[in-house]
There are 2 protein chains.
Amino acid sequence: MVFHALSDPTRRLIVERLGQGAASVSELAAPLPMSLPAVVQHLQVLEASGLVASEKVGRVRTCRLVVKRLDTVQDWIDERRRTWERRLDRLGDFLDEQARNDRTNPTNHTTEEQS
Amino acid sequence: MVFHALSDPTRRLIVERLGQGAASVSELAAPLPMSLPAVVQHLQVLEASGLVASEKVGRVRTCRLVVKRLDTVQDWIDERRRTWERRLDRLGDFLDEQARNDRTNPTNHTTEEQS
DNA sequence: CCAATACTTAAGTGTGTGCTTAACCAATCG
DNA sequence: CGATTGGTTAAGCACACACTTAAGTATTGG
């Protein structure tokens, strides 16, 4: 749900704001060009995703960023990169092998037995 | 657009698949539980976001992952973390200052002048 | 106690998204 | 050639999404 939560520009703005420290719902809503209920709906999505936590004290709900949750995205990205680099390594191995074959058996680019 | 592109599970699957190397449209579609046009639509979103590039040779379109484009997400995440840590630093400074005041002037937790 | 503040809930609306089927086009194969 | 493969285009449909306004509920300050 984290990717979905971050797919909306308004929600990313809210996350950016919360990166600078906790804030109340109306503080978050103030700079945004939409009604307060709309902001609350965004906050619900963010909270459901685990990116934001909040607690109500008196009549004011204070929201904070759950930085740890950013790992979800980070990890996914990292995994893609790792897979990609492993692929390049294998490609390198393949080319090395080809080069070896070329030296021992020029013009034949496979490893199959000769009949 | 990158965040939006990655918000869909099917598109993330496609990116994961392309992480292991380039693939044709039908290769990408084969394991997915939907029609080929649906997959093509996902590929269009991914291509518009810059995460995927493709070129057609003969009648087969080969798609590849643009790993570099993952930086967009990575950078945003990193920036959030940096902001967060700067905030914690400032909080640390504030607490240090308080501790200093506590030692020189116990019971007064502000820095204002005594009248 | 009354009014203002800080949300909260509910209901409705236009638009976007993910998918479908059907028809089509172009390259390749027997 | 005609059939198959690989992909594209178009139209339509159901549901999700980002909002809105209106009406509520607590909490708090005067």
Send over the distance from [X] [atom1] to [N] [atom2], rounded to a whole Å.
X	N	atom1	atom2	answer
Glu27(B)	dT5(D)	CD	C1'	13 Å
Arg61(A)	dT5(C)	CZ	C1'	16 Å
Asp8(A)	dA16(D)	CG	C1'	13 Å
Arg12(B)	dG18(C)	CZ	P	11 Å
Leu43(A)	dT8(C)	CG	P	9 Å
Leu6(A)	dA18(D)	CG	P	12 Å
Leu13(B)	dC19(C)	CG	P	11 Å
Leu36(B)	dT20(C)	CG	P	11 Å

From C-beta outward on Pro37(A), which listed nucleotide comes closest to its side chain: dT9(D), dT8(C), dA6(C)?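 Of all the options, the side chain of Pro37(A) is nearest to dT8(C).
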
Looking at the side chain of His42(B), which of dC7(C), dG18(C), dA18(D) is the nearest nucleotide?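 The answer is dG18(C), which lies nearest to the side chain.
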
Taking only side-chain nitrogens and oxygens of [X], does any of them come within less than 4.0 Å of OP1 or OP2 of [N]?
X	N	value
Thr10(A)	dA18(D)	no
His4(A)	dA16(D)	no
Lys56(A)	dA26(D)	no
Ser35(B)	dT20(C)	yes

Donor-acceptor pair under 3.5 Å: do we get one between Arg59(A)'s side chain and the base of dA6(C)?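 No, the side chain and the base share no sub-3.5 Å donor-acceptor pair.
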
Side-chain donor/acceptor of Gln41(B) to base of dT20(C), under 3.5 Å: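 When only heavy-atom distances are counted, Gln41(B) does reach the base of dT20(C) through a donor-acceptor pair under 3.5 Å.
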
Ser26(A) near the nucleic acid: base, sugar-phosphate alone, or nothing, with a heavy-atom cut-off under 4.0 Å?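 Counting heavy atoms under 4.0 Å across all strands, the contact made by Ser26(A) is with sugar-phosphate only.
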
NZ or CZ of Arg80(A) within 45° of Trp76(A) ring axis and under 6.0 Å: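 Yes, a cation-pi geometry holds between Arg80(A) and Trp76(A).
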
Within 45° cone of Trp84(A) ring axis and under 6.0 Å: Arg87(A) NZ or CZ: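 Verdict for Trp84(A): a cation-pi partner in Arg87(A).
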
Do you know which of Ile77(A), Asp71(A), Asp75(A) makes side chain to side chain contact (heavy atoms under 4.5 Å, CB included) with Val73(A)?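 That would be Ile77(A).
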
Quick check: on DNA chain D, is the nucleotide nearest Val57(A) upstream (toward 5') of the one nearest Val40(B), or the reverse? Name the residue that is more 5'.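 Result: Val40(B).
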
Distance-only side-chain donor-acceptor flag, Arg86(B) / Gln20(A), under 3.5 Å: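 Their side chains do not contain a donor-acceptor pair, so the 3.5 Å distance test is not met.
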
Assess, by modelled atom type and distance only, whether the side chains of Glu55(B) and Thr62(B) contain a donor and an acceptor separated by less than 3.5 Å.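 No.
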
